[in-house]
Amino acid sequence: MRTSGSCLCKAVKFSFDIAEKHFNSCHCKMCRVWGGGPAMVVESAGGIEFESEEELALYDSSKWAERGFCKKCGSHLFYRLKNHPYCNFNLGTLDNDQEFTFKTQFYIDIKPHNYAFSNETKTMTEEEVMAAFNS
Ligand SMILES: [Zn+2]
Ligand SMILES: [Zn+2]
């Protein structure tokens, strides 16, 4: 399956392959600062293509990952690993975002107590996330 999306001002347009129509949420502090709330992301299965990269900027957010955003309108677009093909795009930037179902909440143990999703999802603690990504 293929999906596509763009930033708010449409200067950055992209498309990529998806294995399933699921999205995940991340409650970690970095995602909350970057997006103003918990991240909601769709994992790419490869084939990432940008129609225009002129306004695309990368923020070096850690030793292992970087985050892409539009220089013009500021939309947060994706998170990707530097030495691995893993990349996820923010759900809201996708043209068909309403077709995706909520699968997993990451870092559930460090989620702030002042909000909660009522969807029934799988949840993973920081320890479980680390164990899954290190294998
Ligand atoms: Zn833009
Ligand atoms: Zn996060």
Side-chain angles (χ1 to χ4, degrees):
M1 267 182 293
R2 195 109 185 122
T3 192
S4 60
S6 69
C7 64
L8 193 58
C9 76
K10 313 266 191 221
V12 184
K13 289 184 184 169
F14 50 84
S15 62
F16 57 96
D17 296 328
I18 44 167
E20 41 186 30
K21 275 193 178 173
H22 287 150
F23 70 90
N24 300 316
S25 159
C26 183
H27 299 289
C28 86
K29 180 63 174 164
M30 280 180 77
C31 284
R32 281 165 21 226
V33 171
W34 195 53
M40 287 180 152
V41 301
V42 172
E43 201 174 311
S44 150
I48 300 167
E49 282 173 20
F50 288 94
E51 205 177 286
S52 155
E53 287 185 64
E54 238 165 78
E55 300 296 339
L56 179 64
L58 291 171
Y59 172 62
D60 197 14
S61 59
S62 66
K63 250 188 242 167
W64 59 88
E66 55 195 8
R67 291 166 187 257
F69 61 97
C70 173
K71 275 185 246 177
K72 210 167 152 190
C73 70
S75 298
H76 303 146
L77 304 172
F78 61 85
Y79 166 95
R80 70 184 180 198
L81 297 179
K82 293 174 187 172
N83 298 313
H84 190 276
Y86 180 87
C87 179
N88 66 47
F89 284 82
N90 280 341
L91 175 68
T93 63
L94 304 184
D95 300 326
N96 58 342
D97 60 332
Q98 295 189 38
E99 294 170 16
F100 291 74
T101 52
F102 199 171
K103 189 181 181 186
T104 308
Q105 297 184 58
F106 295 118
Y107 294 93
I108 195 70
D109 54 326
I110 54 171
K111 180 186 78 60
H113 295 288
N114 54 1
Y115 71 81
F117 293 121
S118 62
N119 306 72
E120 273 189 34
T121 67
K122 188 181 160 190
T123 57
M124 287 174 85
T125 62
E126 181 170 16
E127 203 181 303
E128 288 167 337
V129 171
M130 288 301 172
F133 280 91
N134 284 334
S135 65

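Order of listing sets the numbers, starting from 1, for every ligand and every atom in it. Treat the numbers as computed from the prediction; the structure is a model and nothing was measured.
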Asks: For Ile110, look at atom CD1 and say whether over 12 heavy atoms of other residues, nucleotides or ligands are found less than 6.0 Å away.
Replies: yes

Asks: Say whether Tyr59 and His76, considering side chains only, have a donor N or O and an acceptor N or O under 3.5 Å apart.
Replies: no

Asks: For Lys122, does the NZ atom sit with more than 12 other heavy atoms under 6.0 Å from it, leaving out its own atoms?
Replies: no

Asks: Write down the atom of Arg67, the atom of Ser61, and the distance for their closest heavy-atom approach.
Replies: NE-OG, 3.4 Å

Asks: Identify the two heavy atoms, one from Lys103 and one from Thr121, that lie closest to each other, and give their separation to 0.1 Å.
Replies: O-CB, 3.3 Å

Asks: Near the Zn ion (ligand 2), which protein N/O/S atoms fall under 2.8 Å?
Replies: Cys26 SG, Cys28 SG, Cys31 SG

Asks: When the ring planes of Phe14 and Phe16 are compared, do they come out parallel, tilted or perpendicular, using 30° and 60° as the limits?
Replies: parallel

Asks: CG of Asp60 to NZ of Lys82: how many Å apart, nearest 0.5 Å?
Replies: 3.5 Å

Asks: Protein N, O or S atoms at less than 2.8 Å from the Zn ion (ligand 1), how many?
Replies: 4

Asks: Please confirm whether the backbone N or O of Ala45 pairs with a side-chain atom of Asp17, one donor and one acceptor, at under 3.5 Å?
Replies: no

Asks: Please verify the inter-ring angle class for Phe117 with Phe102; under 30° counts as parallel, over 60° as perpendicular, anything in between as tilted.
Replies: perpendicular

